[in-house]
Amino acid sequence: IMGLVSDAIEEENIDVVQTRHEQPAVAMADGYSRANGDIGVSLIGRGAALAQTGTALGTAVNRGSDVLILAAEYSHSTPDDSLQHKPKIKKFDQHGFLRNILGEEHVVDIRSEDAVIPDLEEVFRRLRVGEGPIAVQIPHDVLGRDIDISESNGGKGDAALKNNGPTIRPPDGKIEE
């Protein structure tokens with residue numbers, strides 16, 4: 001799945017802005033959405049990393065920004081006892097955290113590689129009609145799997161993914177340097 005993200009970034013000429021902290025990553029996605037009327041996307045790690053986004057997520061909710069948060073989760077195939085040696089924050093209830101900030105209907109949990117493409121298509125559809133922000137959680141075991149996109153989208157393959165994608169780059173007149 002991460003390969004799919006990397007391919008999309010390369011093929012669609014998507015600009016990636018790296019940050020040193022999770023909160024400004026979400027704040028920049030929020031600002032991008034509000035400045036351009038488009039979808040801002042932020043990739044966030046699990047546990048403590050997601051917890052750091054609270055203020056920026058709250059701002060995006062208050063502004064009704066069309067922001068997509070893609071958050072990693074611990075593998076659901078990992079037994080809870082394997083986390084016993086981890087600090088409590090590693091067992092952080094991500095879904096509960098996101099639900100409390102965004103609302104239950106704005107948290108999407110993807111549990112299999114077969115659900116990635118259709119669920120993300122639905123999330124982008126909802127964001128395009130102003131239902132943001134939305135957080136999508138994907139466990140690490142799913143993130144590491146391959147997806148055959150030739151069978152996704154009703155057999156339409158790559159073209160269906162490319163044609164339905166949001167415009168990521170803002171118009172040149174909207175960028176201040």
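The chain is numbered in sequence order, starting from 1.
No side-chain heavy atom of L50 sits less than 4.5 Å from a side-chain heavy atom of E22. With a 4.5 Å cut-off on side-chain heavy atoms, I138 and E113 do not count as touching. Side-chain contact check for V41 versus V67: every heavy-atom pair is 4.5 Å or farther apart. Two residues are said to be in side-chain contact when any heavy atoms from C-beta on lie closer than 4.5 Å; R111 and P139 meet this criterion.
Nearest heavy atoms, A60 versus P133: O-CD, 3.8 Å. Closest heavy-atom contact between A25 and I44: CB-CD1, 4.3 Å.
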Residues Q137, L98; criterion side chain to side chain contact (heavy atoms under 4.5 Å, CB included); working and verdict: CA-CA 10 Å; Q137 299 188 104; L98 291 168; 3.8 Å; yes

Applying side chain to side chain contact (heavy atoms under 4.5 Å, CB included) to V136 and L68, what does each step give before you reach the verdict? CA-CA 7 Å; V136 174; L68 169 60; 3.6 Å; yes

Under the criterion side chain to side chain contact (heavy atoms under 4.5 Å, CB included), I'd like the reasoning laid out for I69 against T53: C-alpha separation, chi angles, the key distance, then a yes or no. CA-CA 10 Å; I69 305 300; T53 67; 5.9 Å; no

Verify side chain to side chain contact (heavy atoms under 4.5 Å, CB included) between Q23 and T55, making sure each step is shown before the conclusion. CA-CA 7 Å; Q23 184 170 351; T55 302; 3.2 Å; yes

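The backbone N or O of G47 lies less than 3.5 Å from a partner atom in the side chain of Q94, making a donor-acceptor pair. Side chain of H95 to main chain of V108: no donor-acceptor pair is present (N/O by atom type, distance under 3.5 Å, no hydrogens or angles).
Going from atom CG of L43 over to atom CG of L70 covers 5.5 Å, rounded to the nearest 0.5 Å. Remark: L127 CG to D66 CG distance equals 5.5 Å, nearest 0.5 Å. Taken from CG in L57 to CG in N62, the straight-line distance is 11.0 Å, to the nearest 0.5 Å. One finds the CG atom of D119 at 10.5 Å from the CG atom of D114 (value rounded to the nearest 0.5 Å).
If you check the side chains of R46 and H140, you find a donor sitting under 3.5 Å from an acceptor. Side-chain atoms of S65 and D30 include a donor-acceptor pair closer than 3.5 Å.
Using a 4.0 Å cut-off between a side-chain N of Lys or Arg and a carboxylate O of Asp or Glu, R126 and E105 do not qualify as a salt bridge.
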